[in-house]
Amino acid sequence: VKPAPSFDHGAERYGHIPGARNLHARDLLDPTDFTMKPREELERISFWDVIHAESQPALRERTAALLAGQPVPPRHELRIVRKDGQLRWLDCFDEMIVFEGRRAALGTAFDVTDRRQAELLDRDRSRVVEMVATNQPLSEVLRELVELVERQRPEMIASLLLRRGD
């Protein structure tokens, strides 16, 4: 029997379930939807190689709490990095369960990147409208617009050149 994959979290590992196929995050990630990495590559890398660096501390704390049997909210969101470098947001549900008398991890993840981007765009638009409504200097409003474009489209570089009229 192949050893059970783990979360590579020090000595803390999810237990192996004899006679059952252990599922791991990399087994559940559809390479085309989430990571764009071939299954063979996902089997060679650590779970943490897919998780965005800014999401790792909270996820490590959550994983440690789950393994210690401490209560954690059933849902959380995190970012992953696809093979092409694109960031994706996942809405995750996970918990520790007992399967055939042993602890096992059960989890699901849904790509919510489009929703997160729409929320960011809505916040950005509201910020610009608020700046205009409160009579902020034009240069600050335009600076905010440039930053908005770059937040919404990280592959783009936006700039404005203001010239004084004659």
Please evaluate residues Arg151 and Glu144 with respect to the criterion salt bridge (charged side-chain N to carboxylate O under 4.0 Å, His left out), reporting the C-alpha separation (whole Å), side-chain torsions for both, the decisive distance (0.1 Å), and the verdict. CA-CA 10 Å; Arg151 274 191 303 273; Glu144 184 66 25; 3.0 Å; yes
Check: Same cluster for Val132 and Leu138 if Ile/Leu/Val/Met/Phe/Trp/Tyr side chains link at under 4.5 Å?
Finding: yes
Q: Evaluate the side chain to side chain contact (heavy atoms under 4.5 Å, CB included) criterion for residues Ile97 and Glu95: first the C-alpha distance (whole Å), next the side-chain angles of each, then the deciding distance (0.1 Å), finally the verdict.
A: CA-CA 6 Å; Ile97 63 169; Glu95 64 180 326; 3.8 Å; yes
* Do side-chain atoms of Arg62 reach the backbone of Pro73 as a donor and acceptor pair under 3.5 angstrom? -> yes
Shortest non-hydrogen pair, Asp111 vs Leu90, comes out as CA-CD2, 3.8 Å
| task | State, yes or no, whether a side-chain contact exists between His52 and Leu78 at a heavy-atom distance under 4.5 Å. | result | no
Requested in this report: Dump the intermediate steps for side chain to side chain contact (heavy atoms under 4.5 Å, CB included) on Leu59 and Trp48, then the final yes or no.
Outcome: CA-CA 10 Å; Leu59 184 58; Trp48 299 103; 3.6 Å; yes
*Can you check whether Met156 reaches Glu150 side chain to side chain, under 4.5 Å on heavy atoms?*
no
Between the CD atom in Gln152 and the CG atom in Asp124, the distance rounded to the nearest 0.5 Å is 5.5 Å
dist Ser55:OG -> His76:NE2 (nearest 0.5 Å) comes out at 10.0 Å
Residues at least two apart in sequence or cross-chain that pass side-chain contact (heavy atoms from CB on, under 4.5 Å) with Gln136, listed by chain then number, are Met131, Thr134, Glu140, Val141
Those residues at least two apart in sequence (or on a different chain) that pass side chain to side chain donor-acceptor pair (under 3.5 Å) with Glu54 are Arg79
**Item:** Arg75/Asp94 ion pair, N-O < 4.0 Å
**Value:** no
CD (Glu147) and CG (Leu142) are apart, to the nearest 0.5 Å, by 11.5 Å
Query raised in the report: Does the side chain of Leu145 come within less than 4.5 Å of Val128's, by heavy atoms?
Result: yes
Output for pair (Ile51 CD1, Arg60 CZ), nearest 0.5 Å, gives 9.5 Å
CD1 of Ile80 to OG1 of Thr113, rounded to nearest 0.5 Å, is 7.5 Å
Q | Salt-bridge criterion met for Glu119 and Arg115 (N-O under 4.0 Å) | A | yes
State, yes or no, whether a side-chain contact exists between Thr108 and Phe110 at a heavy-atom distance under 4.5 Å. yes
Minimal heavy-atom distance between Leu67 and Met96, with the atoms involved, is CD2-CE, 4.3 Å
So does Ile157 have more than 12 non-hydrogen atoms from other groups sitting under 6.0 Å from CD1?
no
Rounded to the nearest 0.5 Å, the OG atom of Ser159 sits from the CZ atom of Arg143 at a distance of 13.0 Å
By side chain to side chain donor-acceptor pair (under 3.5 Å), Arg116 pairs with (sequence neighbours left out) Glu77
